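The figures that follow rest on heavy atoms only: side chains count, while hydrogens, waters and symmetry mates do not. As the structure is a prediction and not an experimental result, all values here were calculated from the model. Every chain is numbered from 1, with letters handed out A, B, ... down the list of sequences.
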Amino acid sequence: MAVLSKKLDMKVVKNCKEQSDWTSVCQLDQLMENYGQCVQLNQEQVAIFRVSGIEKICAIDNFDPFSGANVLSRGIVGDIKGVPVVASPVYKQHFDLLTGQCLEDETVKLATYPVRVLDGVVQLSTK
Amino acid sequence: MVGQRFLQSLFQRKLTENFEVITFCEESRPAYDRVHLSEYFNGKSAEDLSLVEENFFESAGIKTHIGDKVVAIDRETKVVLSLSGERVQYDKLVMATGSYPFVPPMPGHEREGCFVYRTIEDLQALTQAAEHARIGAVVGGGLLGLEAANALKQLGLKTHIVEFSPRLMAMQIDELGGSLLQQKIEELGVTVHTSKNTSEIVDGDVCQHKMVFADGDCLETDIVLFSAGIRPQDQLARDCGLEIGQRGGIVINNQCLTSDNSIYAIGECALWNNQIFGLVAPGYQMAEVVAASLEGDSAEFEGADMSTKLKLMGVDVASIGDAHGKTEGAKSYSIIDEPNGVYKKLVVSEDGSQLLGSVLIGDASDYGTLLQYKLNAIALPEYPDDLILPQRSGASFALGIDALPDSAQICSCNNVSKAQLLAAVDDGANTLADLKSCTTAGTSCGGCSALVGQILNSELEKRGVTVSNDICEHFPFTRQDLYMLVRSEKILSFDELVSRHGSGRGCEICKPAVASILASCWNEHVLKKAHAPLQDTNDRFLANMQKDGTYSIVPRIAGGEITPDKLITLGKVAKRYELYTKITGGQRVDLFGARVDQLPLIWEELIAAGFESGHAYAKSLRTVKSCVGNSWCRFGMQDSVSMAITLENRYKGLRAPHKIKMAVSGCTRECAEAQSKDVGVIATERGWNLYVCGNGGMKPRHADLFASDLDDAALLKTIDRLLMFYVRTADRLQRTSTWMSNMEGGVEYLQDVIINDRLGLAAELEQEMNDVIDSYQCEWKTTVEDPVRLQSFSHFINSDEKDSNVVFVRERDQIRPAKQEERELVVES
Ligand code: SRM
Ligand SMILES: Cc1cc2nc3c(=O)[nH]c(=O)nc-3n(C[C@H](O)[C@H](O)[C@H](O)COP(=O)(O)OP(=O)(O)OC[C@H]3O[C@@H](n4cnc5c(N)ncnc54)[C@H](O)[C@@H]3O)c2cc1C
Ligand code: SF4
Ligand code: FES
């Protein structure tokens with residue numbers, strides 16, 4: 001069945017943890033451009049985005065403080081006046097993908113996470 | 001109507017605080033909109049037609065005697081006496097008794113099956129009689145007679161118009177215009193008999209009646225409807241000795257005072273300067289004059305314009321001012337365009353500087369402009385005939401809105417001036433629908449709508465509210481422009497469109513809009529790699545996101561018809577995945593609380609049992625609600641369930657600017673509530689009546705009757721064209737109801753485009769719809785068969801764990817998302 005074959009792929013990626021505080025999360029080519037994915041990093045949820053025109057992979061909290069749901073990876077990626085953003089799928093606030101800053105409410109800023117790509121593998125760090 | 005306007009004006013001027021106001025009304029209900037009376041046949045109820053806002057009388061402190069008629073006025077003691085015996089003392093009396101239909105006193109006019117057309121009760125009686133009738137004849141070919149004939153036709157009768165003079169609308173239009181109009185009316189399927197003087201009505205041989213004409217001809221008919229003019233209701237005034245005109249009517253002066261200066265008369269019962277005004281606008285002006293003079297102002301009635309535009313399906317007729325050129329020295333211009341059935345005539349003053357009158361048949365689009373020339377005495381261009389000649393050079397002589405003075409009356413029905421419209425724009429009305437609802441301009445006969453729209457646009461532009469209709473910062477285009485670009489340049493992806501015509505990466509406004517346009521044009525799978533990042537989260541997972549990030553699943557249940565086996569499958573699946581189950585408002589079943597990773601598993605089971613995507617997540621066709629129809633119901637006229645299923649299967653998957661809902665009812669009892677849908681279909685004895693642009697939701701709108709008695713093929717064809725035209729021309733996230741409210745020319749324009757193919761688009765629209773239908777796929781079936789697409793259906797890309805933030809509690813034996821306080825308890829324990 002189709003669904004199972006996908007889950008086998010997952011396991012391979014999941015097990016290649018490194019000794020440092022970098023965690024490998026997926027292959028770079030698993031990430032579609034401008035289409036978020038959610039990563040489990042220890043007990044946290046991180047939304048990661050491969051954005052067209054930006055070298056690095058962007059990573060911010062997956063938790064949407066406005067709706068209280070873990071959904072930011074499912075938002076639409078774009079830009080507002082040149083700032084790369086994701087729009088919350090629930091109530092449509094925009095978050096700067098590079099800084100985590102909410103454009104509609106300056107008191108809200110999401111955590112961001114360091115990301116690197118090593119031999120085609122995407123790695124995240126908790127810092 | 002006029003009486004009610006008077007009471008409103010008293011209230012607005014706060015005069016109800018100074019006066020004790022008492023009103024008598026002979027009819028069994030408070031004032032209603034007679035001008036739109038015919039819409040009763042399109043489903044408007046007596047309540048819809050009411051002109052009295054809820055609690056108006058209570059809050060204004062006006063005492064009402066509804067259904068009680070005044071029978072005598074004692075001017076000596078200043079007392080009125082009502083039929084029920086009520087006696088009321090007055091200081092001032094306002095008579096607004098209206099008029100009654102004139103029935104020529106020919107032998108037989110009182111036979112059963114003879115009707116008039118003035119009150120809701122008249123229409124109710126007519127509807128009842130029409131159920132057992134096949135043929136109907138209207139006596140009188142004036143404005144009202146044509147409207148009444150249209151009503152008989154809508155009731156399904158073979159319809160005749162019998163006119164005494166040699167042409168239709170003899171009062172308003174000239175001979176040439178009359179014969180062209182007759183031709184148009186006959187094209188609608190109504191037979192016109194002119195120069196026919198009915199001498200008597202006797203028993204018919206095949207029908208209930210036989211009308212015998214003076215020239216010996218006769219006509220058999222089941223129903224006779226008299227519409228031979230009106231007579232002022234002046235009996236009361238006569239009885240108490242007020243001055244009455246030679247041919248009836250209560251004589252009034254410029255203050256609307258009768259020969260007794262404690263008594264006013266307004267509306268159709270009043271005779272001013274030897275004229276009766278059979279239209280509502282002059283009556284409203286009289287009402288304002290009386291209210292103003294009671295307030296102490298010296299207002300005067302100075303006559304009123306009698307221009308009219310006919311509000312008939314598919315026939316454009318308008319007449320302005322002195323249509324016959326009776327003014328001394330008047331000269332006229334006219335053009336006839338036989339191939340297109342258009343006749344236009346201008347009557348101008350001797351020196352050619354002023355417009356005196358006009359007749360427009362077949363194309364009344366210049367009505368608003370010409371009326372303004374007349375009403376505001378605007379100087380005509382050097383060659384006045386330019387105004388009616390076709391503009392082949394591209395030059396336009398349409399009146400610049402700026403040429404109108406602020407005092408110009410734009411809406412004559414509701415007396416709204418240009419200044420009032422500007423003030424409303426200042427206060428923030430920036431759509432046509434807003435402007436209409438806050439000023440009431442354009443809400444009666446609708447003749448001024450186009451002009452109101454032009455004023456709105458030009459004002460917004462002037463205010464620098466550059467009504468940027470651009471969809472967002474990434475495209476300097478409207479949604480409609482983008483649609484045409486995608487179609488004409490055969491653009492297949494967002495990236496291609498943004499690189500050719502836009503800038504940046506796009507955003508959550510333009511991306512889903514373009515995704516929808518691409519889908520309407522080329523109908524590719526929405527999760528194809530190029531399209532997936534454009535989709536709103538619901539489309540992205542082909543399910544509806546709920547408040548806690550889980551999803552709901554709505555399989556298609558076309559027409560609401562479902563087999564027991566399929567019901568059992570739904571039950572089994574819901575039980576296996578522990579989903580909350582609810583019957584929706586759209587006659588289907590919604591399964592809530594599925595995690596993204598469960599969606600494909602659930603759908604595999606549903607697809608195996610024969611279900612398809614219900615597109616509850618998409619801006620596309622939702623449901624076609626049905627009633628049980630003639631297979632079971634004893635009242636059913638046609639098989640509404642089969643038709644609903646046909647429609648649902650035909651249009652499923654069509655992506656549109658917003659969601660589309662439909663319904664099919666098996667008879668006029670309307671159990672499927674079709675008149676609240678974007679597309680509503682109601683069975684008749686002879687086929688289907690099609691209603692369009694209805695809405696439930698936030699701002700309910702009754703659908704408009706669009707076409708009658710269609711057969712199956714014609715119904716589908718009309719809906720094909722209509723939907724594709726909506727897809728092409730609507731704004732982003734604009735339901736058909738708002739699309740219609742903002743459409744210049746309203747439903748008549750839409751009928752012209754869709755039914756009469758005025759823009760020559762019909763074949764193209766049908767072809768485009770066929771392409772969509774032919775390329776349908778069940779999005780879920782394609783998805784579960786494609787391992788690549790399935791990869792996106794997991795909460796984490798690097799783990800099989802579930803989202804720990806999703807917590808359910810149980811209520812009434814099912815799950816629901818935990819509330820915040822419950823969530824804390826669950827986490828603690
Ligand atoms: C499930 C359902 C309620 C129910 O439990 O019965 C429902 C649920 C939602 N409706 Fe509805 N509507 C449902 C029938 C209706 C109806 C009744 C009908 O279709 O007969 C209406 C009024 C009729 C109409 O649309 O004219 C209705 C008028 C709305 C509106 C207001 C639309 C408007 O034009 O004013 C919205 C908001 C919008 O679309 O912008 C809305 C939006 C929604 C959304 C999508 C709100 C949201 O963004 O989350 C809800 C999520 C659906 C889901 O499955 O998670 N829903 N909604 C009904 C699904 C019917 C179905 O089988 O597809
Ligand atoms: C089908 C139809 C379509 C029309 N279309 C248009 C149009 O497109 N444009 C336009 O401008 N006009 C139109 N008209 C005309 C318009 O309706 C009238 O001009 C308007 O109703 C006149 O208002 P009114 O108040 O003078 O009379 P009405 O509206 O008739 O009101 C008079 C009221 O007084 C009551 N009454 C009479 N005698 C007594 C009494 N003794 N005691 C108590 N109550 C009494 C009557 O029962 C009635 O309710 C149309 C009329 C009809 C019937
Ligand atoms: S709309 Fe008419 S046919 Fe349909 S169920 Fe109701 S009564 Fe029966
Ligand atoms: S002129 Fe009739 S609605 Fe405005």
Inset, instruction - Look up atom OG in S67(A) and atom CE in M545(B), then write down how far apart they are to the nearest 0.5 Å. - result: 7.5 Å
Inset, instruction - Supply the atom-to-atom distance N70(A) CG to H795(B) NE2, rounded to the nearest 0.5 angstrom. - result: 5.0 Å
Inset, instruction - Measure the spacing between CD1 of I80(A) and NE2 of H474(B) and express it to the nearest 0.5 Å. - result: 5.5 Å
Legend entry - For chain A, the option from N805(B), T550(B), L534(B), V806(B) that forms the most heavy-atom pairs under 4.5 Å: N805(B)
Legend entry - Donor-acceptor under 3.5 Å (K547(B) side chain, G68(A) main chain): no
Inset, instruction - Go through the atoms of N62(A) and report whether side chain, backbone, both or neither lie under 4.5 Å from a heavy atom of chain B. - result: side chain
Inset, instruction - Inspect the surroundings of CG in D119(A) and state if more than 12 heavy atoms from other residues, nucleotides or ligands are less than 6.0 Å away. - result: no
Legend entry - Side chain R505(B), main chain S52(A), donor-acceptor under 3.5 Å: yes
Inset, instruction - Select one option (side chain, backbone, both, neither) describing which atoms of E508(B) are under 4.5 Å from chain A's heavy atoms. - result: both
Legend entry - Value rounded to 0.5 Å, distance of CD1 in I509(B) from NZ in K92(A): 9.5 Å
Inset, instruction - Identify the two heavy atoms, one from F796(B) and one from V39(A), that lie closest to each other, and give their separation to 0.1 Å. - result: CD2-C, 3.6 Å
Inset, instruction - Decide if atom CD of Q777(B) counts as having more than 12 heavy atoms of other residues, nucleotides or ligands within a radius under 6.0 Å. - result: yes
Legend entry - Atom of I797(B), atom of Q37(A) and distance for their closest heavy-atom approach: CD1-CG, 3.6 Å
Legend entry - Polar side-chain atom of R74(A) near backbone of G549(B) as donor-acceptor pair, under 3.5 Å: yes
Inset, instruction - Return the minimal non-hydrogen interatomic distance between G75(A) and R540(B), and the atom names on each side. - result: O-NH1, 3.9 Å
Legend entry - D548(B) portion near chain A, given a 4.5 angstrom heavy-atom threshold: backbone
Inset, instruction - Would you mind checking which part of Q535(B) comes under 4.5 Å of any heavy atom in chain A, side chain (CB onward), backbone (N, CA, C, O), both or neither? - result: backbone
Inset, instruction - Nearest 0.5 Å please: distance from the CG atom of N798(B) over to the CG atom of L124(A). - result: 8.5 Å
Legend entry - Nearest heavy atoms of Q40(A) and S799(B), plus distance in Å: OE1-OG, 3.0 Å
Legend entry - Separation of S792(B) OG from M32(A) CE (nearest 0.5 Å): 4.5 Å
Inset, instruction - Might you point out which heavy atoms bring P89(A) and T537(B) nearest each other, and give the distance in Å? - result: CB-CG2, 3.3 Å
Inset, instruction - Answer yes or no: does atom CD of Q43(A) have more than 12 heavy-atom neighbours from other residues, nucleotides or ligands under 6.0 Å? - result: no
